[in-house]
Amino acid sequence: MSSELRFIVLTIFTVLLSYSNLSDGLLQPRRISHGLTEGSKYLTRDELWFNQTLDHYSPSDHRQFRQRYYEYLDHLRVPDGPIFLMICGEGPCSGIPNDYITVLAKKFEAGIVSLEHRYYGKSSPFNSLATENLKYLSSKQALNDLASFRQYYQDSLNVKFNISGSVENPWFFFGASYSGALSAWFRLKFPHLTCGSLASSAVVRAVYEYAEYDQQIGESVGPECKAVLQETNKLVELGLKVNKKAVKALFNATELDVDADFLYLIADAQVIAIQYGNPDKLCVPLVEAQKNGDDLLEAYAKYVREFCVGVFGLSSKTYSRKHLLDTAITSESADRLWWFQVCTEVAFFQVAPANDSIRSNQINTEYHLDLCKSLFGKGVYPEVDATNLYYGSDRIAATKIVFTNGSQDPWRHASKQTSSPDLPSYIITCHNCGHGSDLRGCPQSPMIIEGDSKNCSSPDAVNKVRQRIIEHIDLWLSECRGGIRSSM
């Protein structure tokens, strides 16, 4: 062993010993909540229920389940104002968030409704999340859920406002991330049921090996911070070889028996700051630590404890296979449910690039396939080609969908980034414009009321795209008012 390597090992071991006794005193980690924890950050949290069809593809299966939804009609122009449907995605839907859709609802005198995704939150069809019970969890079933709910809710409005059944309100669909993809796919598959869609950071291109994710993180942080992150990850991997129990305790992650699961946590902790518009929370202290000759592992662990856990709610439990194998329905079941969708439909395996990777090379294709097999058994495999064939990937053949992406968002390479007259696409370019910047403002999490753009490094960049969104919504709503919709 060289003298330089021996010095690094001894330094890591000393730091780990000094911190291992502190791990028990850390704040209890909680599951990521995206900052939506205060009542004031919701327009409403009053639960409503709808009886939904379990299997939309079986004429003989008439089973139903209760699906949760919300409505907010304070801005609706009665009786003919538009209805904005905000699609809930891969997690519990706890209400209608008070983000930029509030501003749009005020402007267009629209009502807002939001439907919880099947299986997530309180909308589970079964009492167990065993693999055999997850067969109805898919984007296709979810789209049909939206179509059924849209008809149900329109009928209820007609009764409430004494409107003729032949006349309907104009509808417009919204979503961000996976629900952004659902918003685009709904317009593709049900063009007669919505005047248009906003697909914010919409991951419409299923990807088997998504190396672009890590590559975009490197581009977003810049060469100086990227080099520091790479060095930090090497120290983490070296620490695992010297004393894995101590290094995991430093991050309050001793429950992660599989080293690659722990390294996935380390990678995601870095991503959180970039994806959700807080790059300086990560890069500033790490770069400063390196320049001052301070210990990088200590600086990174402090960032994880204070920001990822303390502010954002990152929990090592999310990466625990024992947790992911739990088939009981709990407030944390979304972790298992989303992995099922990953392992069957979309993959998005966030593998380390072959060259110049930030994340550990142990996070590779084999790791993801092994995880899928461990969680759901043999024969479970992501049908990426079938998904892209069905929806069209980023060459989706639809109309009246506006796509938006933040320049720093690692998910934008799974979205549609080329623009056309029928499918306009906009990149919001700024230092902290990440996932869903158009709806959430900056940072994207924790949540900002009404998606205020004032904290974006370039508010003008966000506001210009928002103005274009308003123009598209205005045009497309006007083209389908009076119960006549155009899918041309």
Stepwise side chain to side chain donor-acceptor pair (under 3.5 Å) check, Q275 with Y213: CA-CA 10 Å; Q275 181 168 312; Y213 190 87; 2.7 Å; yes
Mark yes or no for whether [X], through its side chain, and [Y], through its backbone, hold a donor-acceptor pair below 3.5 Å.
X	Y	answer
R63	T53	no
S114	M86	yes
Y303	A269	yes
D214	P353	no
D74	L43	no
R118	Y136	yes
S183	L198	yes
R66	N51	no

Are any non-hydrogen side-chain atoms of [X] and [Y] less than 4.5 angstrom apart?
X	Y	value
N405	I428	no
S124	L129	yes
E209	V207	no
F108	V103	no

Stepwise ring pair (Phe, Tyr, Trp, His ring centres under 6.0 Å) check, Y264 with H368: CA-CA 11 Å; Y264 208 122; H368 288 87; 5.7 Å; yes
To the closest 0.5 Å, what do you measure between [atom1] ([X]) and [atom2] ([Y])?
X	Y	atom1	atom2	result
E168	L157	CD	CG	10.0 Å
S407	Q417	OG	CD	10.5 Å
F348	Q350	CZ	CD	9.5 Å
Q151	S148	CD	OG	9.0 Å
N455	C442	CG	SG	7.5 Å

Can we call the ring centroids of [X] and [Y] under 6.0 Å apart?
X	Y	value
F340	Y119	no
F149	F50	yes
Y178	W338	yes
W171	F84	no
F174	F172	yes

Would you say the SG of [X] sits less than 2.5 Å from the SG of [Y]?
X	Y	value
C430	C456	no
C195	C480	yes
C93	C88	yes

Criterion side-chain contact (heavy atoms from CB on, under 4.5 Å) on N98 and E450, from CA distance to verdict: CA-CA 5 Å; N98 187 10; E450 294 192 351; 3.6 Å; yes
Closest non-hydrogen atom pair, [X] against [Y]:
X	Y	result
P424	I401	CD-O, 3.3 Å
I358	I217	CD1-CG2, 3.9 Å
H117	A142	NE2-CB, 3.4 Å
I274	S220	CG2-CB, 3.6 Å

side-chain hydrogen bond (donor to acceptor under 3.5 Å, both in side chains) contacts in which one or both residues fall within residues 384-394, not counting sequence neighbours: S139-Y391
Lys NZ or Arg CZ of R466 over Y100 ring: under 6.0 Å, within 45°: yes
Full working for side chain to side chain donor-acceptor pair (under 3.5 Å) between D438 and Y426: CA-CA 10 Å; D438 55 331; Y426 304 102; over 6 Å; no
Audit row: Y72, D46, side chain to side chain donor-acceptor pair (under 3.5 Å) steps and yes/no: CA-CA 9 Å; Y72 186 77; D46 295 336; over 6 Å; no
Check ion pair [X]-[Y] (N to O, under 4.0 angstrom):
X	Y	result
R321	D370	yes
E47	K122	yes
R336	D326	no

Test side-chain contact (heavy atoms from CB on, under 4.5 Å) applied to S437 and Q444, step by step: CA-CA 6 Å; S437 301; Q444 293 79 60; 3.4 Å; yes
Candidate pair Y69 and Y152, rule side-chain contact (heavy atoms from CB on, under 4.5 Å), full reasoning: CA-CA 12 Å; Y69 75 96; Y152 158 82; 3.6 Å; yes
Exceeds 12 heavy-atom contacts within 6.0 angstrom, atom CZ of R77: yes
Heavy atoms of other groups near N127 CG, more than 12 under 6.0 Å: no
Worked verdict on Q216 versus D409 for side chain to side chain donor-acceptor pair (under 3.5 Å): CA-CA 7 Å; Q216 180 60 55; D409 184 9; over 6 Å; no
Audit row: R187, K400, side-chain contact (heavy atoms from CB on, under 4.5 Å) steps and yes/no: CA-CA 8 Å; R187 172 63 191 175; K400 297 182 180 179; 3.5 Å; yes
Residues that S320 engages under side-chain contact (heavy atoms from CB on, under 4.5 Å), provided they are two or more places apart: E255, L256, K322, H323
